[in-house]
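Proteins come first, then strands; the chains are lettered A, B, ... in the order of their sequence lines, and each starts at number 1. Given the structure is predicted, the values throughout are model-derived calculations rather than measurements.
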There are 2 protein chains.
Amino acid sequence: MIQRLIQERLGDLPPGQAEVARFIAQNPQEAAFLTAAQIGLRVGVSESTVIRLAMALGYPGFPEMKAALAGQVKDQLSTLERLHRYDESSVEPSLLRRALREDMSNLSGALLSVDEEALEALASAIVQAKETYILGLRSAHSLAYYLWFYLSWFLPHVQLLERETIWERITQGTSETLFVGVSFPRYTRLTVEALEAARAKGLSTAAITDSSVSPLAAYAQIVLAIPSKPISFIDSFSAPMSVLNALILCVVEKCKDHAEERLEELEHIWRERKIYL
Amino acid sequence: MIQRLIQERLGDLPPGQAEVARFIAQNPQEAAFLTAAQIGLRVGVSESTVIRLAMALGYPGFPEMKAALAGQVKDQLSTLERLHRYDESSVEPSLLRRALREDMSNLSGALLSVDEEALEALASAIVQAKETYILGLRSAHSLAYYLWFYLSWFLPHVQLLERETIWERITQGTSETLFVGVSFPRYTRLTVEALEAARAKGLSTAAITDSSVSPLAAYAQIVLAIPSKPISFIDSFSAPMSVLNALILCVVEKCKDHAEERLEELEHIWRERKIYL
DNA sequence: ATGTAGTTGCATAATTTGCTGCATATATCC
DNA sequence: GGATATATGCAGCAAATTATGCAACTACAT
């Protein structure tokens, strides 16, 4: 595998060659069809540098490196074909393949069954609420956190609830407060109870869960149902993750003008505080 | 599509060229990487005949036909055919559909390019380490948390690092300590710096990131690269999520006997403490 | 049989692609 | 700040790949 080779030696490579190496590692399928000169053009270095990289990586010349890339791409093509053909019942698929395939089927399931109106409604509710609380516990905390993280870029009134603050927040809420519960099978009891309490106290409620008949749904005015078959004892969050992206983008869409300048502001402070590389 | 072109004209083609045409139509993925002479050799025909076929099919020359083949092959690789086909039918895809499709393509990309050896190696390293620290900040915190949450069911030595405890833990580590950094573009600076420091202090290091040439990879002994195209300003974690599932299952596989009784224990305490509904 | 049209392979020409020496630029070390 | 080492691009050269002219061959018709 050429990427491994590149990864190992990237540090010792001169800057120009390192650029080329990065391009090849990130776009092997593209690079496999290009000549040395064309790669050089893409990266912005001379043809010579590309050829010298091939040699620096230990190949006798550029054509040999290209052949190695071609071999890899051909391999990928054959596995792709196998995947496409009759569900290979004979071969034992690896753990990785099983997980990814399972999630692809979860995503296509979501494509068919997720209710776009509910998504829209939830996005609107989030934007319009005076306060929005997001609660997800145990594994669902990852989803709740993710949702909160991006929403809080644009909406300062969105808060992530922790175990410690659940009841204080709920008792402070009004009908203009939106409580979003996130939980998937096997539903965390506390999340359901919190949602129930929120509803009882007259807060607006929403649920992000696996079905419209989940225990959360009983106490939620808006239900975003994302079916998801578990793999082994884990119930995958791949599909929910994807739907959350749609939700975030939908929210951003609803405060577009505000969001754009907000992104610029953020960009500015990220640079200033050197948050990202 | 070149196969169609060949099919149409196969009847009018002289026998030698027809042979070549059949070969190309049946093995486009092979042919896309071969020179005219090599194709001639395979089919048992001279180089000239191959070139003449290209012209007979209406291309200005052989390179152009090869480029057409290459383009086709690249298309197959970039996304699953199915996704493409559905895409064409629906006119204006909604946000949700776009997000889900993008992620399906990310998953199929992962299916082709994720290095199973790296996955195995990382799982082994996690199980064997004396201490395992997982660090993911900002959006990647959701992934780090998720990974930690499940691993800690079986492996008490797995810890989730918070901003506050990074440096203390790193300075306490030995070569038997595994430091797992999780970061995706745009890479959080602190995560990269922590991984760098961990490596410098002699800890074992691993990275879960988007490519083998990501900034994290430079300081990681094991790199789990999960390519992922971003949607809008968000880079989706749907594919990484799925690969994490595979990683978790792989770890569980490696301590199978222990894991089973552990699950029973957990089941017991969950019931006792009424964690789930 | 003999001629004609069309196809093919070989040899060679033309073009493209890959490689290398040298001068310039850049970084590093003292 | 100067000297050494290294990296890069350019230009020219070598090698490969592609294109074509020509003669030989085949098939078919007269």
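B/Met65 comes within 4.0 angstrom of no nucleic acid atom, judged by non-hydrogen atoms across all strands.
Computed from coordinates, the A/Ile51 CD1 to C/dG18 P distance equals 6 Å when rounded to whole Å. Between the CD atom of A/Glu47 and the C1' atom of D/dA16 there is a distance of 13 Å, rounded to whole Å. Rounded to an integer number of Å, the gap from CZ of A/Phe62 to C1' of D/dT17 is 15 Å. One interatomic measurement links the two molecules: CG of B/Leu53 to P of D/dT18, which rounds to 14 Å at whole-angstrom precision. A straight line from NZ of A/Lys66 to P of C/dC19 spans 11 Å, rounded to a whole angstrom.
Electrostatic pairing of B/Glu131 and B/Arg169 does not count as a salt bridge here, judged by no charged N lying under 4.0 Å from a carboxylate O.
Counted by atom type alone, A/Tyr150 and A/Asn245 present zero donor-acceptor pairs between their side chains at under 3.5 Å. Neither side chain, B/Ser183 nor B/Thr191, offers a donor N or O lying under 3.5 Å from an acceptor on the other.
Rounding to the nearest 0.5 Å places CD of B/Gln159 at 12.5 Å from CG of B/Leu151. Taking CD1 from A/Ile51 and OG from A/Ser46, the interatomic distance works out to 8.0 Å, rounded to the nearest 0.5 Å.
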Protein-nucleic acid N or O pairs under 3.5 Å, nucleotides 21-27 of chain D:
{"unit_1": "D/dG21", "atom_1": "O6", "unit_2": "B/Arg52", "atom_2": "NH2", "d": "2.9"}

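In terms of modelled atom types and a separation under 3.5 Å, the side chain of B/Ser105 and the main chain of B/Arg101 share no donor-acceptor contact. Counting only distance, with no hydrogens or angles, the side chain of B/Arg9 and the backbone of B/Ala56 share a donor-acceptor pair below 3.5 Å.
The stretch residues 11-43 of chain B touches DNA chain D through B/Thr35, B/Ala36, each having a heavy atom under 4.0 angstrom from the strand.
Between B/Ser124 and B/Lys254, the shortest heavy-atom distance links the atoms OG-CE, 3.1 Å.
Comparing B/Val45 and A/Glu64 against DNA chain C, the residue whose closest nucleotide sits nearer the 5' end is B/Val45.
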